[in-house]
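Note that the coordinates shown come from a computational prediction; the quantities given were computed from them, not determined experimentally.
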Amino acid sequence: PPDLKILSSDNHLFHMHQGVLLRASDNKFAELLTKGVPDVLIHIPETAVILNIMFTAIYGVKLADTYPLDTLIHVIDLFPHYGVQPKAYVWPAASIYDAIRDQISLAPFKVYALASRYDLEELAIAASPYLLKSNLQSITDEMADLIRPTYLLRLFRLHFSRRDALKGLLSGRLEAHIPTASCNHSAYDNLCQAWILAAACLLGDADANVSIATLQSTLFSLRNSVECKSCRQILTTRTKSIIVQWSETKVSYFVHPS
């Protein structure tokens with residue numbers, strides 16, 4: 001049975017188990033708990049909402065409500081103060097992890113920064129695809145200070161690796177066909193030059209998450225100026241191949257922190 005009463009800052013009462021909280025904390029919940037003293041009442045200077053999320057995570061049960069992302073992040077940032085290690089309670093399938101993961105798209109940088117603070121590997125991986133849509137040049141010094149250096153390096157490498165993958169797909173000249181009376185080497189060279197310019201346009205985009213639609217519209221548009229059926233077929237085949245390979249290119253966290 002519960003052997004501890006906790007009163008929140010907004011006067012909500014929680015009936016808890018001292019043993020559960022003592023096992024979860026390495027500092028007796030900010031030195032508020034006294035082992036062996038039954039039915040004690042303690043005051044914790046947090047609101048009922050904050051304590052409810054914290055206790056739910058510690059007890060390993062499902063969150064009954066949906067909470068704003070900032071509130072969830074605030075709770076995890078409070079864990080160390082109360083001697084609770086975030087890494088022990090924020091992991092895939094944990095209720096608080098799932099609640100944050102479901103809102104990553106709202107503020108991926110905040111989630112990534114949170115993951116870096118407490119070395120939450122799985123959460124960082126979950127946030128990484130959303131960060132591909134951001135421009136690295138938009139990261140200010142203040143934002144960078146929120147991320148551990150190893151995780152900041154991973155973010156840059158993720159972007160560079162993704163761009164290198166696209167560069168590899170777009171590099172190289174188009175396949176040539178046997179010259180004909182209506183399509184000679186000069187026409188082929190013009191098509192290759194147009195291809196190079198289109199590739200440069202795609203690679204010049206700071207966004208490392210070039211969409212399939214953008215690839216299609218950019219590369220297929222080259223067909224409009226091509227009269228040779230063989231050249232059009234070569235262009236179509238190459239474009240389709242790139243689209244398939246790009247769609248199969250995994251958005252993965254390539255480099256582990258060290």
> Given L114 and V90, is the side chain to side chain contact (heavy atoms under 4.5 Å, CB included) satisfied, shown in steps?
Replying inline: CA-CA 11 Å; L114 172 71; V90 186; 6.0 Å; no

>> side chain to side chain contact (heavy atoms under 4.5 Å, CB included) for L219 and R238? Distances and angles first, verdict last.
In response: CA-CA 9 Å; L219 299 179; R238 176 72 179 276; over 6 Å; no

> side chain to side chain contact (heavy atoms under 4.5 Å, CB included) between S8 and T47: does it pass, once the steps are laid out?
Replying inline: CA-CA 5 Å; S8 68; T47 66; 5.8 Å; no

>> Could you walk me through whether Y112 and I104 satisfy the side chain to side chain contact (heavy atoms under 4.5 Å, CB included) test, starting with their C-alpha distance in whole Å, then the side-chain angles of each, then the deciding distance to 0.1 Å, before giving a yes or no?
In response: CA-CA 9 Å; Y112 189 80; I104 286 177; over 6 Å; no

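Considering every non-hydrogen atom in both Y130 and P108, the closest pair reads CB-CB, 3.6 Å. Between Y97 and E122 the shortest heavy-atom distance is OH-O, 3.4 Å. Of all heavy-atom pairs between T34 and Q18, the closest is O-OE1, 3.0 Å. The shortest non-hydrogen separation linking L72 to Q103 is CD1-NE2, 3.7 Å. The two residues L63 and I53 make their nearest non-hydrogen contact at CD2-CA, 4.1 Å. Taking all atoms of both residues into account, the shortest heavy-atom contact from W195 to G172 is NE1-O, 3.9 Å.
In this structure, D10 has no salt bridge (charged side-chain N to carboxylate O under 4.0 Å, His left out) partners at least two apart in sequence or on a different chain. For R223, the side chain to side chain contact (heavy atoms under 4.5 Å, CB included) test picks out F220, R232, L235, T236, with sequence neighbours left out.
In the hydrophobic clustering of this structure, V244 does not group with I242; members are Ile, Leu, Val, Met, Phe, Trp, Tyr whose side-chain heavy atoms approach within less than 4.5 Å, directly or through other members. Both L32 and L51 belong to a single network of hydrophobic side chains, linked directly or stepwise wherever heavy atoms of I, L, V, M, F, W or Y lie under 4.5 Å apart. One hydrophobic cluster, built from ILVMFWY side chains closer than 4.5 Å, holds both Y82 and V40. Taken together through direct or relayed side-chain contacts under 4.5 Å among Ile, Leu, Val, Met, Phe, Trp and Tyr, Y67 and Y89 form part of one hydrophobic cluster. Residue V61 is grouped with residue I58 when hydrophobic side chains (ILVMFWY) are merged at heavy-atom distances under 4.5 angstrom, including chains of intermediate members.
Note: F55 and F29 have tilted aromatic rings, judged against thresholds of 30 and 60 degrees for the angle between ring planes. Between H17 and Y59, the angle of the ring planes lies from 30° to 60°, which puts this pair in the tilted group.
Within a 6.0 Å sphere centred on NE2 of H177, heavy atoms belonging to other residues, nucleotides or ligands number more than 12. For E175, the CD atom counts as loosely surrounded, since its 6.0 Å shell holds 12 or fewer non-hydrogen atoms of other residues, nucleotides or ligands. For E227, the CD atom is loosely surrounded, since the number of other residues' heavy atoms within 6.0 Å does not exceed 12.
Contact check on D164 versus R157 returns no salt bridge, with no Lys/Arg side-chain nitrogen under 4.0 Å from an Asp/Glu carboxylate oxygen. A salt bridge is defined here as a Lys NZ or Arg NE, NH1 or NH2 lying under 4.0 Å from an Asp or Glu carboxylate O, and D70 with K110 meets this definition.
To the nearest 0.5 angstrom, D39 atom CG is 5.0 Å from K5 atom NZ. Atom NE2 of H15 and atom CD1 of I6 lie 10.5 Å apart (nearest 0.5 Å). Between H74 atom NE2 and I50 atom CD1 the span is 4.5 Å, to the nearest 0.5 Å. Atom NZ of K28 and atom CG of L22 lie 8.0 Å apart (nearest 0.5 Å). With rounding to the nearest 0.5 Å, the separation of CG in L166 from OG in S161 is 13.0 Å. If you take CD1 on I212 and CH2 on W246, they are separated by 8.0 Å, rounding to the nearest 0.5 Å.
Although no hydrogens or angles enter the test, the distance criterion places a donor-acceptor pair under 3.5 Å between the side chain of S225 and the main chain of L222. Between the side chain of D145 and the backbone N or O of E142 there is no donor-acceptor pair closer than 3.5 Å. Of the possible polar contacts, one joining the S128 side chain to the I125 backbone as a donor-acceptor pair under 3.5 Å is found. With hydrogens and angles ignored, the 3.5 Å screen pairs a side-chain donor or acceptor of S221 with a backbone N or O of S217.
Proximity of I76 to I100: side-chain heavy atoms (C-beta onward) are separated by under 4.5 Å at one or more points. Using a 4.5 Å heavy-atom threshold, the side chains of I42 and M16 count as separate.
Cation-pi geometry between R163 and F160 is not met: the NZ or CZ atom fails to fall both under 6.0 Å from the ring centre and inside 45° of the normal.
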